[in-house]
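Counting starts at 1 for both ligands and their atoms, in listed order.
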Amino acid sequence: MSVNFMRNKILVTGGAGYIGSHTCIALHEAGYDMVVYDNLSNSSREAINRVSTLIGQNIEFVEGDIRDIEALRQVFSSHQFFGVIHFAGLKAVGESVAKPLLYYNNNVIGTIDLLEVMAEYDVKNLVFSSSATVYGDPENLPIDENSPRSCTNPYGQSKLTVEHILEDLVTSDSSWNLIPLRYFNPVGAHSSGQIGEDPNDIPNNLMPYISQVAVGKLEKLSIFGNDYPTIDGTGVRDFIHVTDLAQGHVSALNYLERRTSSTNPSDMKKSVGFLPINLGTGKGTSVLELVNAFTEVTGRDIPYQFTDRRAGDIASCYASADKAKVLLGWQAKLSVNDMCKDTWYWQSMNPSGYKVS
Ligand code: NAD
Ligand code: UFG
């Protein structure tokens with residue numbers, strides 16, 4: 001008997017990027033069909049080529065900007081989407097301080113443009129890349145989704161502003177189903193070593209910096225502060241493997257499908273509304289613990305020095321991951337050692353990232 005099984009089609013904005021490319025693989029494995037829409041401002045076509053090779057099928061890719069409403073309309077008029085996973089955005093905190101208008105334009109206006117086109121085509125299911133940065137300096141740990149929100153830089157403000165816009169949208173029209181996923185610290189790479197994080201210039205974030213020291217591209221890691229009130233004085237974060245994170249998006253989509261397709265009145269309420277969910281492991285790891293784990297797993301020495309704290313950094317940040325577990329049935333599976341192993345495999349196989357060295 002042949003089963004005609006076709007899952008819903010998803011528009012993936014920013015799908016050529018770090019988290020988006022991993023999510024495309026998870027979507028394919030879960031049986032979803034997808035179209036990737038990306039302006040390649042912080043990614044390369046090569047990532048899409050490699051994902052296509054990994055899944056054994058060409059991904060439909062449209063090069064375009066989310067602020068180009070006509071181009072978006074064309075995509076929406078040629079496909080029937082169940083929903084959108086919206087990764088497209090700029091993400092460098094320091095750059096956002098130097099170029100706030102760029103960040104608000106790209107991340108906030110771009111999202112408004114996308115939402116307007118979604119409304120035109122009556123596509124009202126959205127999974128949005130939010131961030132733990134919306135919690136600012138948390139009062140309590142672990143951080144749950146009801147914690148107060150505040151931001152200190154334009155990047156964080158752009159995420160928080162989009163969250164407020166999504167809340168207002170649901171208030172105006174309860175048929176929207178909007179899930180902002182608040183990521184903690186995504187690291188790692190696909191276990192194939194074919195796709196991973198490929199920062200432009202010198203990395204700002206810890207894990208890519210460590211791996212570039214390990215591969216010999218950078219001389220030494222600076223650890224920003226060893227006088228925080230933490231286990232060893234260095235900052236504590238909730239590092240989460242990008243493969244687990246990708247799976248979290250599939251679980252969020254599954255949830256949206258279940259909620260929006262239920263015909264049984266005694267089932268869950270139909271509209272999801274605005275439903276923020278943390279994606280983290282629930283465990284904090286210090287900077288020094290991560291450096292030591294990397295050395296232990298890879299056998300590479302990571303020379304480091306302690307320097308002053310980095311402006312704007314907080315001491316500790318880790319998630320309460322209960323809501324994701326209860327509502328989505330999702331929890332992170334991979335360990336800090338897996339994160340180090342897969343980062344190193346990607347970095348050592350691709351010392352120049354997607355660029356030909
Ligand atoms: P990334 O830069 O690798 O991916 C973002 C993608 O969006 C890139 O491919 C870029 O070319 C594309 N893009 C940017 N602006 C666009 C526009 N106007 N139109 C079309 N495409 C555009 O970043 P990532 O790490 O994969 O992050 C994905 C999302 O998750 C971002 O919104 C980011 O802010 C958010 N996020 C990331 C982290 C993290 O640490 N990586 C943490 C929390 C939240
Ligand atoms: N760190 C160093 N040396 C470095 C880089 C980082 O010691 O070279 C330390 C930082 O001081 C911090 C920890 O490593 O204690 C993690 O820093 P990252 O820059 O890797 O990550 P952040 O927690 O500062 O921020 C990241 C993303 C933000 C996102 C946030 C929450 O960069 O965009 O996680 O998801 F909002």
Legend entry - Within reach of ligand 1, part of N185 (heavy-atom separation under 4.0 Å): neither
Inset, instruction - For atom 35 (O) of ligand 2, grab the closest protein heavy atom and report residue, atom and distance to one decimal in Å. - result: F184 O, 2.6 Å
Legend entry - Identity and separation of the nearest protein heavy atom to atom 4 (C) of ligand 2: F224 CE1, 3.3 Å
Legend entry - Verdict with reasoning, K91 to E197, per salt bridge (charged side-chain N to carboxylate O under 4.0 Å, His left out): CA-CA 13 Å; K91 63 168 181 177; E197 189 168 10; 3.7 Å; yes
Legend entry - Residue and atom name of the nearest protein heavy atom (relative to atom 27 (C) of ligand 2), distance in Å to one decimal: N205 ND2, 3.8 Å
Legend entry - Heteroatom distance test (T133, ligand 2): nitrogen or oxygen, under 3.5 angstrom: no
Inset, instruction - Please work out which of the three classes, parallel, tilted or perpendicular, describes the rings of F81 and F76, given edges at 30° and 60°. - result: perpendicular
Legend entry - Polar atom proximity, F239 to ligand 2 (N or O, under 3.5 Å): no
Legend entry - Proximity flag Y155 to ligand 2, non-hydrogen atoms under 4.0 Å: yes
Legend entry - Heavy-atom proximity to atom 24 (P) of ligand 1, best of R182, K91, K159, H22: K91
Legend entry - Within reach of ligand 2, part of L206 (heavy-atom separation under 4.0 Å): both
Inset, instruction - Give the residue, atom name and distance (to 0.1 Å) of the protein heavy atom nearest atom 36 (F) of ligand 2. - result: S131 OG, 2.7 Å
Legend entry - N/O separation below 3.5 Å, Y209 to ligand 2: no
Legend entry - atom 22 (P) of ligand 2: nearest protein contact (heavy atom, Å): N185 ND2, 3.6 Å
Inset, instruction - Ignoring hydrogens, just give me the one of K91, R310, R237 whose non-hydrogen atom is nearest atom 24 (O) of ligand 2. - result: R310
Inset, instruction - Using a strict 4.0 Å cut-off to heavy atoms of G235, name the atoms of ligand 2 that fall inside it. - result: 15 (O)
Legend entry - Side chain, backbone, both or neither: the part of I66 lying under 4.0 Å from ligand 1 by heavy atom: both
Inset, instruction - Pick whichever of L221, D313, L279, I314 has a heavy atom sitting closest to atom 11 (O) of ligand 2. - result: D313
Legend entry - Structural part of A132 in contact with ligand 1, heavy atom criterion under 4.0 angstrom: neither
